[in-house]
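First comes the structure, then the notes that go with it.
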2 protein chains.
Amino acid sequence: MDAPNQPSTKTQKGEQTRALILNTALEMFRERGYENTTMRAIAEQARVAIGNAYYYFASKEYLIQAFYDRIHEEHLAVCLPALEKERSLKGRLLVTLRLKISTLEPYHQFAGVLFKTAADPRSPLNPFSPDSDPVRRASIDLFDHIIERSKVRVPKDLRVELPYLLWLYHMGIILFWIHDASLEHRRTYRLIDITVDLVVKLISLASNPLARPLRKTALRLVAELREEGS
Amino acid sequence: MDAPNQPSTKTQKGEQTRALILNTALEMFRERGYENTTMRAIAEQARVAIGNAYYYFASKEYLIQAFYDRIHEEHLAVCLPALEKERSLKGRLLVTLRLKISTLEPYHQFAGVLFKTAADPRSPLNPFSPDSDPVRRASIDLFDHIIERSKVRVPKDLRVELPYLLWLYHMGIILFWIHDASLEHRRTYRLIDITVDLVVKLISLASNPLARPLRKTALRLVAELREEGS
DNA sequence: GTCTATAACCGGATAGAC
DNA sequence: GTCTATCCGGTTATAGAC
């Protein structure tokens, strides 16, 4: 079952061409920014016809969707090995978030566009949209893995929602990073240090049996907000 | 000192033309949405040349900036009288937020675009950008007024940051509303009810002398995040 | 199923005359 | 302040080749 934006690159060659176009585009985005890179220029640089670019990517925005996938893969590649050495939840979260930011680093100036389109509820690039389902799931799964293989014990009800909540939190960090103009994004790293500490403490507090009623209420609210429609 | 996007409409006639274009645009946005309304169509409907529209609004997006101003004015007009009858902080926040949503109501389907552009750090429409300074200040001032004329007592350090924090909170509510597809946006109103209650309780907790150290830490974090640059 | 080449459409934005 | 003409780039359409 292919997503509508992934026009079934069935053949070997098709796969290659698709990758070629995407790589070319991402490189150009990094170097000159998104707006300054025209579809014509991407096609020319990749030495394909412009129609071909549109054959693989329904629109310029879909190149961004593909970028999400790419980033997630790269992040996993560095993150999973690093996680092997960390068993505390705090350490695991720190590693994950820091590596996420460093993976995104080369694209900082281009990242504004990401969230720009991502914030439109009708855009397929909205991380909550159906089109983003696969990446989002994969990303949430990572947080599930982080909890699962850590030493923490959390109550079942919280355990279920926690990966999603941590994913939301991580989106917040990225949003901050996008706006962060400090040198080497030190403020983002500082924010990570501070908030990871808070988050872990909060989880521990919420796991206390005494906090059960409050936790139930809070989780009901969360569940309600996640619902779609009516 | 005029903002760069407000090309000094000094003359009577200029003021009129500007208003005409803006009104026409907003009406068309409401009826057919932002993307489906072309600058050409706006100009035609308003019976001005397209170049003239660009004389008053540097880009199509700047019409949105003007929309912010307009909404804020309308909100104030209904909100201030209603606030006269409410002295409790909780009641005042409820009134303010509910009226904000109802003021925005006619523009719900067009609102996606707002946050779309608003999320781009380089966009002048970003509510944190210098161009948005006047509206943002005015909006934060409203929250200052809400606290000031209410019965609550909050410690000085918190008092200073509170208007900004409440403004942020209100932005979060709007973001939720934009994504809210429920009938008559009931979920947003429910969210307001629940969270206003939480917020007020939290303020009261944070005002407790025992909470002083924690409050100091939290406020330092907030202050740090607000800083610009380096 | 992939891919090319080319022309055309559409709408945001700009230039320069008046 | 206002207009017309033009540019530019995303996107589509066409028609055909491997």
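The shown structure was predicted, so the numbers you read here are calculated from the model rather than taken from an experiment. The sequence lines fix the lettering, A, B, ..., with proteins before strands; numbering per chain opens at 1.
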Using the salt bridge (charged side-chain N to carboxylate O under 4.0 Å, His left out) rule, collect all pairs that involve residues 48-62 of chain B, keeping only residues at least two apart or in two chains.
A/Lys116-B/Glu61
Once hydrogens and angles are ignored, does a donor-acceptor distance under 3.5 Å link the base of D/dT11 to the side chain of A/Arg40?
yes
Just jot down the ring-ring contact (aromatic ring centres under 6.0 Å, His included) partners of A/His75, sequence neighbours excluded, or say none.
none
Give the ring-plane orientation class for B/His108 versus B/Trp177, where under 30° counts as parallel, over 60° as perpendicular and anything between as tilted.
perpendicular
Rounding to an integer number of Å, can you tell me how far A/Arg47 CZ sits from C/dC3 C1'?
16 Å
Below 4.0 Å: OP1/OP2 of D/dG1 and any side-chain N or O of B/Asn52
no
Atom-pair distance (CZ on A/Phe57; P on C/dC3), nearest Å
12 Å
Out of D/dT2, C/dT2, C/dG12, whichever nucleotide has its closest atom nearest the side chain of B/Lys13:
D/dT2
B/Thr37 side chain vs B/Gly33 backbone, donor-acceptor pair below 3.5 Å:
yes
How close or far is atom C1' of C/dA13 from atom OH of B/Tyr54, stated in whole angstroms?
5 Å
Starting the side chain at C-beta, find the nucleotide from C/dG12, C/dA13, D/dT11 nearest to B/Thr38.
C/dG12
In whole angstrom, give the distance that lies between atom CD1 of A/Ile42 and atom P of D/dG10.
8 Å
Output yes when at least one side-chain N/O atom of A/Thr11 is less than 4.0 Å from OP1 or OP2 of C/dT2, else no.
yes
Nearest-Å distance for atom pair CD/P, residues B/Glu44 and C/dG11
12 Å
Check: A/Phe67 ring centre within less than 6.0 Å of A/Phe29 ring centre
no
Send over the distance from A/Ile21 CD1 to C/dT4 C1', rounded to a whole Å.
12 Å
Whole-Å distance between C/dC10 C1' and B/Ile50 CD1?
12 Å
Verify the contact: side-chain N or O of B/Tyr56 to OP1 or OP2 of D/dT2, cut-off strictly under 4.0 Å; return yes or no.
yes
Check whether any side-chain nitrogen or oxygen of A/Thr17 sits under 4.0 Å from OP1 or OP2 of C/dC3, and answer yes or no.
yes
Could you state the atom-to-atom distance from CD of B/Glu35 to P of C/dG12 in whole Å?
9 Å
